[in-house]
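Predicted model only: the values in this text are computed from it and were never measured.
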Amino acid sequence: MATNKVKEMSFLDHLEELRWLLIRSTLAVLILATAAFFFTDFIFNAILFGPKDPNFVTYRFFCEVTQYFGFENSDICSVSMPFIIQNTAMGGQVSFLIWTCVTVGFIVGFPYILYEFWKFISPALYDNEKKYARAFIVVSSVLFFLGVLFGYYIITPLSVYFFGSFSASPEIINEFNLDSYTSMIKTSTIASGLLFELPIIIYFLSKLGLITPSFLRKYRKYALVIVLILAAIITPPDVISQIIVTIPIMILYEISILISAVVVKKQEKESLK
């Protein structure tokens with residue numbers, strides 16, 4: 001029988017553990033941010049401003065896919081970026097450099113943050129659950145990095161393309177603020193990374209009894225509609241692009257249903273013993 005032999009901790013003890021979790025995680029991010037400082041040329045020119053290049057790999061990929069399916073005149077094949085990025089604050093570029101390095105530190109250091117999180121919650125777990133620590137960290141990290149890649153190579157360039165080429169009037173010139181441009185990229189990548197943690201989140205919510213597979217199946221159609229609407233907003237006006245964005249997210253949703261079903265079924269079997 002699984003037992004939890006860890007002694008009871010007081011509320012203040014939990015707060016102290018949480019404080020050190022935050023301190024260690026912050027130090028890890030800052031150390032990695034410092035390391036990222038030595039690669040700023042590559043990070044800025046190749047990564048951050050990559051989606052601004054009409055020859056960016058995503059635009060070429062979408063063009064080839066849409067042409068393969070018979071959309072010869074797809075707008076994605078004639079990408080233009082009629083906008084400039086400007087800095088309007090005295091210390092804008094310094095702030096831009098610092099926060100970009102911190103963001104890189106957070107993304108690269110995410111597995112360590114997960115490790116600290118697992119250490120924090122492990123006292124509340126049974127002995128047979130603690131052995132899954134390595135699997136939890138590996139799977140969660142892989143999902144996060146896949147989400148970051150999805151956000152950077154799919155969501156970000158399509159968003160840059162849409163907002164950069166959109167014009168309500170020919171009298172208006174797009175001159176985007178540096179903070180606005182970089183914030184969109186950071187938000188898209190990190191939010192996608194966290195979105196890809198959905199199966200892990202559903203696992204824990206199912207363990208707590210807050211989510212059931214029947215609930216997820218019931219609201220599947222609403223989730224699909226929401227994803228399609230978001231895909232229609234950020235993608236070029238063709239069906240293929242919308243499908244490419246929608247499919248990975250809905251696959252995650254279906255995987256989450258399966259995970260929830262397995263957890264609930266296992267709990268029902270244990271309750272009958």
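Remark: Ile185 CD1 to Ile155 CD1 distance equals 13.0 Å, nearest 0.5 Å. Of the inter-residue distances, the one linking Thr26 atom OG1 with Ile31 atom CD1 reads 11.0 Å to the nearest 0.5 angstrom. One distance of note links CG of Leu18 with CD1 of Ile23; it measures 10.0 Å at 0.5 Å rounding. Here CZ of Phe61 is found 6.5 Å from CD1 of Ile154. Values are rounded to the nearest 0.5 Å.
With contacts defined as side-chain heavy-atom distances shorter than 4.5 Å, the pair Val142/Phe196 does not qualify. Between Phe136 and Ile200, the closest side-chain pair of non-hydrogen atoms falls below 4.5 Å. Between Leu210 and Phe204 there is no side-chain heavy-atom pair separated by less than 4.5 Å. Counting heavy atoms from C-beta on, the side chains of Phe144 and Leu194 come closer than 4.5 Å. Residues Val160 and Tyr59 form a side-chain contact, since some pair of their non-hydrogen atoms from C-beta on lies under 4.5 Å apart. With contacts defined as side-chain heavy-atom distances shorter than 4.5 Å, the pair Val104/Leu32 does not qualify. The side-chain heavy atoms of Pro51 and Thr58, taken from C-beta on, include no pair separated by under 4.5 Å.
Checking side-chain atoms of Tyr253 against main-chain N and O of Leu216 turns up a donor-acceptor pair under 3.5 Å. Ser260 contributes no side-chain N or O that, together with a main-chain N or O of Ser256, makes up a donor-acceptor pair within less than 3.5 Å.
Every side chain to side chain donor-acceptor pair (under 3.5 Å) that Trp20 has, sequence neighbours left out, goes to Glu16. Residues satisfying the ring-ring contact (aromatic ring centres under 6.0 Å, His included) criterion with Phe42, sequence neighbours excluded, are absent altogether. Remark: Arg24 engages Glu116 in a side chain to side chain donor-acceptor pair (under 3.5 Å) (not counting sequence neighbours). By the salt bridge (charged side-chain N to carboxylate O under 4.0 Å, His left out) test, Arg220 is found to be paired with Glu254, residues two or more places apart in sequence or in another chain being considered. Applying the side chain to side chain donor-acceptor pair (under 3.5 Å) test to Thr34 and every residue at least two apart in sequence or in another chain returns nothing.
Counting heavy-atom neighbours within 6.0 Å of Gln86 CD, excluding the residue itself, gives a total above 12. Heavy atoms of other residues, nucleotides or ligands lying less than 6.0 angstrom from CD1 of Ile173 number 12 at most. Atom OH of Tyr115 has 12 or fewer neighbouring heavy atoms from other residues, nucleotides or ligands inside a 6.0 Å radius. Within a 6.0 Å sphere centred on CZ of Phe117, heavy atoms belonging to other residues, nucleotides or ligands number 12 at most.
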Item to check | Check against side chain to side chain contact (heavy atoms under 4.5 Å, CB included), Leu258 and Val262 | outcome: CA-CA 6 Å; Leu258 292 175; Val262 170; 5.5 Å; no
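Under the 30°/60° scheme for interplanar angles, the aromatic rings of Phe106 and Phe110 are found to stand perpendicular. Taking the six-membered ring where tryptophan is involved, the planes of Phe96 and Phe49 are tilted, since the angle between them lies from 30° to 60°.
Tyr153 and Phe62 end up in the same hydrophobic cluster when Ile, Leu, Val, Met, Phe, Trp and Tyr side chains are linked at under 4.5 Å. Phe215 and Leu224 fall within a single hydrophobic cluster, where Ile, Leu, Val, Met, Phe, Trp and Tyr are joined by side-chain heavy atoms under 4.5 Å apart, directly or via other members. Ile84 and Met81 fall into different hydrophobic clusters, where Ile, Leu, Val, Met, Phe, Trp and Tyr side chains are chained together by heavy-atom contacts under 4.5 Å. Placement of Val94 and Leu30 in two distinct hydrophobic clusters is found when ILVMFWY residues are connected by side-chain heavy-atom separations under 4.5 Å, directly or transitively.
Here side-chain hydrogen bond (donor to acceptor under 3.5 Å, both in side chains) pairs that include residues 176-190, with residues two or more places apart or in two chains, are Thr88-Asn177.
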